[in-house]
Amino acid sequence: MRGKLVLIFSVRYTHFAMLNKDIADLLGNVAAAYTIKDENKFRFQIIAYQKAASSIENSSTQISNLIKENKLGTLPGVGPSIREHLKELVKKGKVRHFEWVFKGIPDSVFPLLKIPSLGPKTAYKLVKSFNLKNPVTVITDIKLIAMEGKISKLAGFGEKSEKDILQVINEYEKGKNKAKRMTLPFAFQIAENIITHMRKSKDVIRVEALGSLRRMVPTVGDIDIAASTKHPRNVINHFTNYPYVERVLEKGDVSSSILVSGGHQVDLMIQPENSFGSLLQHFTGSKSHNIHLREYALKKGLSLSEYGIKKVPDKESQIKKYDSEDKFYKDLGLAWIPPELREDTGEIEQAAKGKLPILVDLNDIKGDLHVHSNFPIEPSHDLGKSSMEEILEKGKTIGYEYIGFAEHNPSFSKHSSSEMYKIIENKRKKIEQLNSGKKYIRSFNLLEVDINTRGVLPIDDRVLNLLDFAIVSIHTSFGLNKKEMTNRILKGLFHKKVKILGHPTGRMINERDEYELDWEKILNFCYKNKIALEINSWPNRLDIDDLIIRKAVDKNVKLAINTDSHAAYQMANMKFGIALAKRGWAKKSDIINTFSYNELSEWFNS
DNA sequence: GCCGTTTTCGGCCCGACTGTTTTCAGTCG
């Protein structure tokens, strides 16, 4: 989207707020325009605008709110100059400086940048050569021109590139509506299938999933796989012969990319065994972590790559190879950095000081406090599928000490207060009975209680007092604004039996955005009243994200990592919640379900 | 245009792959 279009929108819709994605696109287009104008002259502006764009796209707070709170400068990569441009953008709907950068570049260039393999130079050349001016039709225009065989006649283009352009446009049009980012667990499954295929080759020594998958980012774009071998060519061939390949995108000496069914891209990189450590490091990323790490190394006169480390000034110097990541980081004077932290948010500085936190681990978890059993509670939402006994058995196999049974509250509209009391009393008796013997691990009597639109809980105090404690969460009316939603939640948290705020942002990946909250207020309230925020491990919730977790950890607000399971086998999703917690720099002591049964009982009674 | 373990000035990661080229430009991660 370009400046002009933005202006039209903001005039037409007085309340039209530019979302971070739109702003990131706009800054990306500024970088592209600079590239077209003069790549060498503006090379550092290009890098700066790209960096700012990706920073804004990944920000969990809307730019308009950051401006209101005067916190725009806290975003990495946004300095005084871009900050002023963004203020102008939000205020006036356009930016004078951007208009200057865009001058002479047709609007029709920018839609083409969405298509893989078409960059600014190529897009500009095509648009100019064929005088294409309409940004709405430009993609189909190019397609028709390619079909007429006119692109191959252009200097710098040939038959192959013409064919490639047709192909990527077709794929783009086909996948435009579906190829969204995968949820982490879904991507894991695809990666697992490919790794299984790779292990069938006798030439593969080691094979691992890296990239955002290894960093455990909640959504994954491409899947990255690394392998070690003595015979790269055989391994690359084996890779491109994967049975579910839709198309081979690239096939080189040490790397290859394929599209698998569903349109997901898988990248493979290869190194010999003795350089596998530096390959792990390189291919795990993130990109910004690697760039920062390489700048850091450069200052010590070292140059890093997937091949290893070499000394910069000495042209004769041999590259030093690494079979493990540990040694790689060590030679830079750094502690090994857990992949979940490699997002360039201060981890390199802390590693240099030897002050990285010891992160919570799956083995630290002593129970799951948000499990829905099939106890006949006549709930407002889904009932679980497994019995309490099955869930307790499963918990025991995992090595837990306790389970929190947190079914949805009995539906408000269908039950009188005394009926509700009766149901919960029955459940309480059932749990007392389960706890009385030695057969099972311990159970907590909990409920997941809705917070209605006005912040009221649909069950009264008498019922609440039957519980060990309550989780409260939002399942309706997601459209409230930031202030209304914050007040609604604060009100819902007020009862002394409430100890956990469930899936706090309400997001459903690829389905529903999170609602915005005043986190400052929520966190302060939780700290004062000893309420834990839930880290929900449900595959398409993965809620809350790492940035909020980190804020909570900084403010000493406790967290609970739960699976929200509706069947016993789903309790295995705990590992995804753990990953989120790690990404938020959480330690064992930050997580209440690392406490023993007694410690936890004491915590929620205090 | 951003940023700070040597810096408020002077740096800015490193490499693979492809197509169209006879040594490189463009794109990507």
Side-chain angles (χ1 to χ4, degrees), chain A residues 27 30-32 34-36 39-55 73 75-86 97 101 112-113 115-126 151-165 168 210-212 221-224 226 232 236 248-257 265-271 278-279 281-310 312 319 332-334 344 348-353:
Chain A
L27 297 189
V30 172
Y34 268 133
T35 311
I36 293 164
E39 193 177 13
N40 283 323
K41 184 174 166 191
F42 297 117
R43 46 197 279 235
F44 298 115
Q45 280 87 344
I46 293 166
I47 294 170
Y49 273 93
Q50 285 169 340
K51 214 170 181 176
S54 100
S55 177
L75 275 184
V78 177
S81 181
I82 293 181
R83 186 173 64 216
E84 289 311 308
H85 293 331
L86 290 182
H97 176 68
V101 181
L112 294 176
L113 302 180
I115 296 169
S117 83
L118 293 189
K121 300 280 187 77
T122 315
Y124 184 69
K125 213 188 267 179
L126 289 172
I151 291 180
S152 55
K153 307 280 189 305
L154 240 47
F157 292 82
E159 302 225 333
K160 184 69 170 69
S161 40
E162 182 171 79
K163 224 178 105 206
D164 288 348
I165 287 173
V168 289
L210 304 179
S212 49
D222 299 342
I223 289 173
D224 300 317
I236 299 258
V248 175
L249 297 172
E250 282 179 8
K251 190 172 176 179
D253 299 330
V254 294
S255 73
S256 170
S257 296
Q265 184 173 333
V266 184
D267 300 331
L268 175 74
M269 287 186 90
I270 305 268
Q271 284 291 312
S278 47
L279 178 61
Q281 197 291 316
H282 166 78
F283 212 22
T284 297
S286 64
K287 184 175 179 160
S288 47
H289 172 86
N290 282 358
I291 289 175
H292 189 167
L293 193 69
R294 286 167 186 189
E295 285 169 353
Y296 177 86
L298 214 49
K299 285 168 191 155
K300 301 185 170 210
L302 300 171
S303 170
L304 315 180
S305 75
E306 59 267 46
Y307 296 101
I309 302 180
K310 59 185 175 189
V312 176
I319 192 153
L332 299 173
L334 299 172
D344 191 23
I348 293 171
E349 291 77 4
Q350 295 304 310
K353 291 185 207 150

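Worth saying up front: this structure is predicted, and the values here are computed from it rather than measured. The analysis underlying the following values was restricted to heavy atoms, covering all of them including side chains, and did not include hydrogens, waters or symmetry mates. Below, read A as the first sequence line, B as the second, and so on, with proteins coming before strands; counting in each chain starts at 1.
Taking the P atom of each, B/dG1 and B/dT7 are spaced 26 Å apart, rounded to whole Å. The gap from the C1' atom of B/dC2 to that of B/dT8 amounts to 12 Å, rounded to the nearest Å.
Ranking B/dT7, B/dG15, B/dG1 by closeness to the A/Gln45 side chain, first place goes to B/dG1. For A/Ala48, counting side-chain heavy atoms from C-beta on, the closest listed nucleotide (B/dC14, B/dT7, B/dC2) is B/dC2. Comparing B/dG1, B/dC14, B/dT20 against the side chain of A/Ser161 picks out B/dT20 as the nearest. For A/His85, whose side chain is taken as the heavy atoms from C-beta onward, the closest listed nucleotide among B/dG1, B/dC14, B/dA16 is B/dG1. Closest to the side chain of A/Ser305, out of B/dT5, B/dG1, B/dG15, is B/dG15. The nucleotide whose nearest atom lies closest to any side-chain atom of A/Ile291 is, among B/dA16, B/dC13, B/dC14, B/dC13. Of all nucleotides listed (B/dT7, B/dG15, B/dG1), B/dG1 comes nearest to the side chain of A/His97. The side chain of A/Glu295 lies closest to B/dC12 when the candidates are B/dC12, B/dC2, B/dC17.
Between B/dC14 and A/Ser303, a contact under 4.0 Å exists linking OP1 or OP2 to a side-chain N or O. A sub-4.0 Å separation between OP1 or OP2 of B/dC2 and a side-chain N or O of A/Tyr49 is absent.
Summarising the geometry, the separation between CG on A/Leu75 and C1' on B/dG1 is reported as 15 Å, rounded to the nearest angstrom.
In this structure, B/dT7 is classed as syn because its glycosidic torsion stays within 90° of zero.
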### Query
In B/S/- notation, 5' to 3', how is nucleotides 21-29 of chain B contacted by protein heavy atoms closer than 4.0 Å?
S----SSSB
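Legend: residues meeting salt bridge (Lys or Arg N to Asp or Glu O under 4.0 Å) with A/Lys121, ordered by chain and number and at least two apart, are A/Glu39.
Ring stacking holds between A/Phe44 and B/dC12, with the centres under 5.5 Å apart and the planes within 30 degrees of each other.
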